[in-house]
Amino acid sequence: MFHPDDPLAPPRPAFNEAWHAQVLALADTMVKAGHFTAGQWAKTLGAALAEAEASGAADTEETYYSCALAALESLTAAHAGIAGADLADRKKAWEEAYRRTPHGKPVNL
Amino acid sequence: MATFNSDKAAEIHRHLHSHLPSDPALRVKALESLVVERGLVASETIDRWVEAYAEHIGPKRGARVVARSWLDAGFRARLLENAAEAIKEFGFEGSATGHLRAVENTSDTHNMVVCTLCSCYPFSVLGMSPAWYKSSAYRARAVREPRSVLSEFGVDLGPDIAVRVWDSTAELRYIVIPQRPEGTDGWDEDALAAIVTRNSMIGTDRDLKAEAV
């Protein structure tokens, strides 16, 4: 299933989706700011990946980043006081902001 | 007679709001806005991280480190002694390389790096890890059957070459120093760095080619 890199292939972007970059950026900058440790991040992400694998999730980058997001939500709840209900409310607020904002205009809460 | 098709209605709804980000993208946006609002991390810090890792930090950094280790015996000794300190000579210290160990390939040893737990990787010298490095297949098989995995990557090791697999952790990351290929006498650091592949520094590539790039 693995194969050598093709040296003639065009370079691939570091991230396929902007949110993939944002998840890792948040995790790393929160570790640097001391909200949780690199060890806690690795352990929580590892547990999320093991759970995904056990549930038969596809072995893809999309699954990996979904696990990274779940791990980040769990750590920010446990160590930074960001409760699930606050997150759900804020997500709903962003959804509404996107729905009411015409295409091409900046989306603000 | 009009009928209600919930799938169709949902599709029309999605189409009307096609600029609505995906569910995970909205979850990240919600989290980021709360993190910033509560002063846990500054939004500029997050933006700078994304720009750095999307645009600037990649395996060319590691390749420079390897090239210098081929040219400068003193640097090579410092690198093998304490890689986290040695990469400061380039200003490459940073994410996840507070503790970094360099392991050198020889004619009878091949090194290969994995993170069996999650995806620990020396980001500040190799950039973002490739998708396969994060896959559960690689994380499991690199330890269980490294020679088979290497063979799929095009690296067929003879029985006289030992394989060492290094399991990265949050506290300790690894970079493989591949062997300098024959035919590169007189090459400078730039020319040498250009032939060092990312996979050779993870250990899923071995014999570099002395072909000017």
Here the pair of heavy atoms bringing A:A25 nearest to B:W49 is CB-CE3, 3.2 Å
Quick check on A:E95 against chain B: is it the side chain, the backbone, both or neither that has a heavy atom closer than 4.5 Å?
both
Identify, with sequence neighbours excluded, every residue that meets side-chain contact (heavy atoms from CB on, under 4.5 Å) alongside A:A88.
none
Quick one: do A:Y65 and B:K134 satisfy side chain to side chain contact (heavy atoms under 4.5 Å, CB included)? Show the steps, please.
CA-CA 10 Å; A:Y65 281 105; B:K134 302 188 276 278; 3.9 Å; yes
Answer yes or no: is there an ion pair linking B:R38 with A:D86, defined by an N-O contact shorter than 4.0 Å?
yes
Side chain, backbone, both or neither of B:S151 within contact of chain A (heavy atoms, under 4.5 Å):
neither
Check whether any side-chain heavy atom of A:F2 lies under 4.5 Å from a side-chain heavy atom of B:S135, and answer yes or no.
yes
Under 4.5 Å from a heavy atom of chain B, the part of A:T29 involved
both
Looking at every heavy atom in both A:E53 and B:S136, which two are closest together, and how far apart are they?
OE1-CB, 3.4 Å
Look up atom CG in B:D23 and atom CG in A:L69, then write down how far apart they are to the nearest 0.5 Å.
8.5 Å
A:A21, part contacting chain B, at a heavy-atom distance under 4.5 Å
both
Measure the CD-CZ distance between B:E37 and A:R90 for me, rounded to the nearest 0.5 Å.
4.0 Å
Of the listed A:I82, A:L109, A:L45, the one with the largest count of heavy-atom pairs under 4.5 Å with chain B is A:I82
Could you give me the CA-CA distance, side-chain angles and deciding distance for A:Y98 and B:K29, then say whether side chain to side chain contact (heavy atoms under 4.5 Å, CB included) is met?
CA-CA 12 Å; A:Y98 273 96; B:K29 205 161 176 56; 3.2 Å; yes
Distance from A:K32 atom NZ to B:T45 atom OG1, nearest 0.5 Å?
9.5 Å
Measure distances from A:H35 to the heavy atoms of chain B and classify the residue's part below 4.5 Å as side chain, backbone, both or neither.
side chain
Using a 3.5 Å distance criterion without hydrogens, assess whether the side chain of B:H19 forms a donor-acceptor pair with backbone atoms of A:T101.
yes
Which one wins on heavy-atom pair count under 4.5 Å against chain B: A:E17, A:K43, A:M30, A:H20?
A:M30
